[in-house]
Amino acid sequence: MSGDCIFCTIVRREAPASIVREDADTLAFMDIQPMNPGHVLVIPKAHAAFLKDLPRGQAGPVFEAAREISFALRHSGLRCDAVSMYLADGKEAGQDVFHTHLHLIPRFAGDGFGLRPTPGFGRIADRAELEDQAARIRRGLAQSAR
Ligand code: 5GP
Ligand code: ZN
């Protein structure tokens with residue numbers, strides 16, 4: 001755990017948080033600045049600034065918690081017809097709290113929330129480009145501690 005990390009402080013119960021779920025590896029609690037009512041954060045209890053810093057086996061439990069909570073949100077009475085999950089992995093991706101965390105944001109038609117890329121994003125890439133990128137990522141995977 002990291003002493004000056006707000007999420008580690010919550011794990012230690014030294015800062016207030018509205019907790020919805022806990023298991024040996026993860027904690028889930030309400031986001032203090034919800035994008036929509038019912039916005040939950042799921043974190044690994046172990047401090048890891050980025051997803052890549054999580055020890056092997058510690059990422060799966062985060063998604064398992066998300067699976068249960070996405071069910072619970074739909075049965076909570078909160079307005080939730082769908083759930084957006086978002087993980088900002090790095091400053092340029094929008095990460096503000098450097099203890100990796102998965103956002104679960106309840107969604108409904110017309111809620112106004114969404115990713116809004118500028119025009120030009122989302123074109124169909126050509127196959128050679130995709131093959132080149134896939135090869136680069138495979139090389140990266142070969143180097144990573146799996
Ligand atoms: P990020 O921008 O890093 O993806 O998301 C950080 C999230 O943590 C934000 O949605 C923010 O509202 C939430 N957050 C920041 N500080 C606290 C806190 O002390 N308690 C809780 N519950 N959420 C926090
Ligand atoms: Zn932490």
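Nothing fancy with the numbering, it's 1 onward along the sequence. When a ligand or atom number is given, it counts from 1 through the structure's own listing order.
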Taking atom 4 (O) of ligand 1 as the reference point, the nearest protein heavy atom with its distance: His103 NE2, 2.8 Å

Check: His99 ring centroid to His101 ring centroid under 6.0 Å: no

Atom 1 (P) of ligand 1: the protein heavy-atom neighbour that sits closest, reported with distance to 0.1 Å: His101 NE2, 3.2 Å

Residue and atom name of the nearest protein heavy atom (relative to atom 14 (N) of ligand 1), distance in Å to one decimal: Ile32 CG1, 3.8 Å

Hydrophobic cluster identity match, Val97 and Leu87, side-chain contacts under 4.5 Å: no

Working for side chain to side chain contact (heavy atoms under 4.5 Å, CB included), residues Phe29 and Val40: CA-CA 6 Å; Phe29 51 89; Val40 169; over 6 Å; no

Gln95, any N or O under 3.5 Å of ligand 1 N or O: no

Whether Phe98 lies under 4.0 Å from ligand 1, heavy atom: no

Which residue and heavy atom of the protein sit nearest atom 3 (O) of ligand 1, plus the separation: Asp96 N, 2.6 Å

Minimum-distance pair of heavy atoms, taken over all atoms of Gly94 and Ala88: C-CB, 3.7 Å

Carboxylate-amine/guanidinium contact Asp81 Arg79, below 4.0 Å: no

Shortest reach to atom 19 (O) of ligand 1 by a heavy atom, considering only Val40, Ile6, Ile105: Ile6

Region of Tyr86 engaging ligand 1 - heavy atom pairs below 4.0 Å: neither

Residue Phe108 excluded, over 12 heavy atoms near CZ under 6.0 Å: yes

Pairwise side-chain contact, Val20 with Met30, heavy-atom cut-off 4.5 Å (strictly under): yes

Heteroatom proximity flag, Leu41 to ligand 1, N/O under 3.5 Å: no

Within the 6.0 Å centroid threshold, strictly below: Phe7 and Phe98: no

Location of contacts on Ile10 toward ligand 1, heavy atoms closer than 4.0 Å: side chain

Residue and atom name of the nearest protein heavy atom (relative to atom 15 (C) of ligand 1), distance in Å to one decimal: Val97 CG2, 3.9 Å

Atom 22 (N) of ligand 1 [closest protein heavy-atom partner, distance rounded to 0.1 Å]: Met30 O, 2.8 Å

Arg136 bridged to Glu129 by N-O distance under 4.0 Å: no

Closest contact, heavy atoms only, Tyr86 versus Ala93: OH-O, 2.8 Å

Met35 heavy atom under 4.0 Å from ligand 1: no

Interfacing atoms of ligand 1 (cut-off 4.0 Å, heavy-atom, Ala88): 4 (O)

Metal-centred angle, the Zn ion (ligand 2) as apex - ND1 of His99, ND1 of His47, 10° resolution: 110°

Within-shell test, Gly94 vs ligand 1, heavy atom, strictly < 4.0 Å: yes

Shortest protein heavy-atom distance from atom 9 (C) of ligand 1, along with the residue and atom involved: Asp31 OD2, 3.3 Å

Single-linkage hydrophobic cluster Leu27~Leu54, side-chain heavy atoms < 4.5 angstrom: no

